[in-house]
S.K.: 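Quick one: the structure is below, and I'll ask about it shortly.
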Amino acid sequence: MKINGKAWRSIWLGEDGQSVEIIDQTLLPHEFAVRTLNSAADAAEAISVMRVRGAPLIGATAAYGVALAMRDDASDEALNRAVAHLLATRPTAVNLQWALARMEQALQVLQPAQRCEAAYRLAALICDEDVEINATIGTHGLGVIENIFASKTERQGPLHILTHCNAGWLATVDWGTALAPIYRAHDAGIPVHVWVDETRPRNQGASLTAWELAAHGVPHDVIVDNAGGHLMQHGLVDLCITGTDRTAANGDVCNKIGTYLKALAAADNGVPFYVALPGPTIDWDIEDGVREIPIEERGGEEVTCVGGMSESGAVCDVRITPPGVTARNFAFDVTPARLVTGLVTERGVCPASREGLLSLYPEKRN
Ligand code: MRU
């Protein structure tokens, strides 16, 4: 995507052809800073502390993390160590497992001397494929938006789309999942307006989605997480679109905490609720998302403190709770398939069900 006319991806190879560069998302929207990853440990740290985040970007970063490890030591032990270290960073987004399994399978059959070059090549391919996938999700999602816009004959004004967390280009290598259709619709001249859930505790909506949408010129307003139901009751949301970190084979979707409550409110108010996802986000081994998808629990300090910029321009965290309070921080929740109107993938749009997914991915039929 472009920032001030310059095209960016969220991850790329450094000028030396071996180090890896990322945009440090913990500093946005206050500072745009590029960081260099020089080792698998750097990649693992960037994923753990969420300098990079979002399911597809976590997978892409882990792939480059393996390549960095192979540059230093291409032995079997080093490969196993790097994969285990990267795998332990975040548990929910299945793209991490998917990318690491792909790297491991491709590299373990090679002689150590061949592994470094092959690892960089495969990591680059995973990134390029992600860009292609998300661009295609944008095309299919544009069709959904066009249809809903065409059916809104009774009311003037823009099409109001609600989204949760950040499923934009910062969460992927480029384009985004949930935001790709919105960018395409905006570029196609459909008047869209986005309600951006702030997305506590880390505020990926307020800090990242709002920043992305502003850079692309898409009209939007940030709302507190609890406002969506009220807006839906008053006819102010035409469509919800979110991303997903892991999609079960039955169509259940796991996304940032609070997504489920938006889907419940959407169902109660007859608002279509779509989820956009790349194929690698589907976990074909999980049949029941609510029972089986592992939910990350992060540190309580993300709940007791809020980060931001003070009047004087200092970026800092402030505590919002009494001292010594305990907090629990569940990072994701699962929205059952029955609350999802449709899944938007790179292969088209389908019902959120086992049959729906299999109609697009027939090779997964046993
Ligand atoms: O904790 P995060 O910021 O990694 O969570 C990201 C999300 O919940 C996104 O919606 C999800 O990864 C889908 S993004 C393409």
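This is a predicted model, so every value here is computed, not measured. Order of listing sets the numbers, starting from 1, for every ligand and every atom in it.
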S.K.: Please tell me whether D76 and Q108 have a donor and an acceptor in their side chains that are separated by less than 3.5 angstrom.
M.R.: no
S.K.: Can you confirm if the NZ or CZ of K256 lies within 45° of the ring axis of F332 and under 6.0 Å from the centre of its six-membered ring?
M.R.: yes
S.K.: Consider ligand 1: state whether an atom of it lies below 4.0 angstrom from any non-hydrogen atom of A331.
M.R.: no
S.K.: What is the nearest protein non-hydrogen atom to atom 7 (C) of ligand 1, stated with its residue, atom name and distance?
M.R.: D245 OD1, 3.2 Å
S.K.: Answer whether the closest heavy-atom distance between the side chains of I282 and R246 falls below 4.5 Å.
M.R.: no
S.K.: Can you list the ligand 1 atoms lying under 4.0 Å from a non-hydrogen atom of N255?
M.R.: 7 (C), 8 (O), 9 (C), 10 (O), 11 (C), 13 (C)
S.K.: My understanding is that we take every heavy atom of each candidate and find the minimum distance to atom 3 (O) of ligand 1. Doing that for R202, Q204, K256, R90, which one comes out nearest?
M.R.: Q204
S.K.: Could you list the atoms of ligand 1 found under 4.0 angstrom from a heavy atom of T244?
M.R.: 13 (C)
S.K.: Which atoms of ligand 1 have any heavy atom of M50 under 4.0 Å away?
M.R.: 1 (O), 2 (P), 3 (O)
S.K.: Should the pair H186 and H216 be assigned to parallel (<30°), tilted (30 to 60°) or perpendicular (>60°) ring geometry?
M.R.: perpendicular
S.K.: Checking T136 against T139: is there a side-chain donor and acceptor pair closer than 3.5 Å?
M.R.: no
S.K.: Does T242 come within less than 4.0 Å of ligand 1, judged by its heavy atoms?
M.R.: no
S.K.: Between D128 and R9 (salt bridge meaning N to carboxylate O under 4.0 Å), is one present in this structure?
M.R.: yes
S.K.: Using a 4.0 Å cut-off to any heavy atom of N166, which atoms of ligand 1 qualify?
M.R.: 9 (C), 10 (O)
S.K.: For A171, take its heavy atoms, then give the atoms of ligand 1 lying under 4.0 Å from any of them.
M.R.: 14 (S), 15 (C)
S.K.: For the ring pair F32 and W8, is the centre-to-centre distance below 6.0 Å?
M.R.: yes
S.K.: With ring centroids as reference points, do H160 and W195 lie under 6.0 angstrom apart?
M.R.: yes
S.K.: Ignoring hydrogens and geometry beyond distance, is a side-chain donor-acceptor pair present between N250 and E287 at under 3.5 Å?
M.R.: no
S.K.: Write out the residue and atom name of the closest protein heavy atom to atom 12 (O) of ligand 1, then the distance separating them to 0.1 Å.
M.R.: A55 N, 2.9 Å
S.K.: Give the residue, atom name and distance (to 0.1 Å) of the protein heavy atom nearest atom 15 (C) of ligand 1.
M.R.: T177 OG1, 3.0 Å
S.K.: Is P56 near ligand 1, meaning one of its heavy atoms is under 4.0 Å from it?
M.R.: yes
S.K.: Would you mind listing which atoms of ligand 1 come within a distance below 4.0 Å of any non-hydrogen atom of C165?
M.R.: 5 (O), 6 (C), 7 (C), 8 (O)
S.K.: Note the single closest protein heavy atom to atom 6 (C) of ligand 1, along with its residue, its atom name and the distance in Å.
M.R.: R53 NH2, 3.6 Å
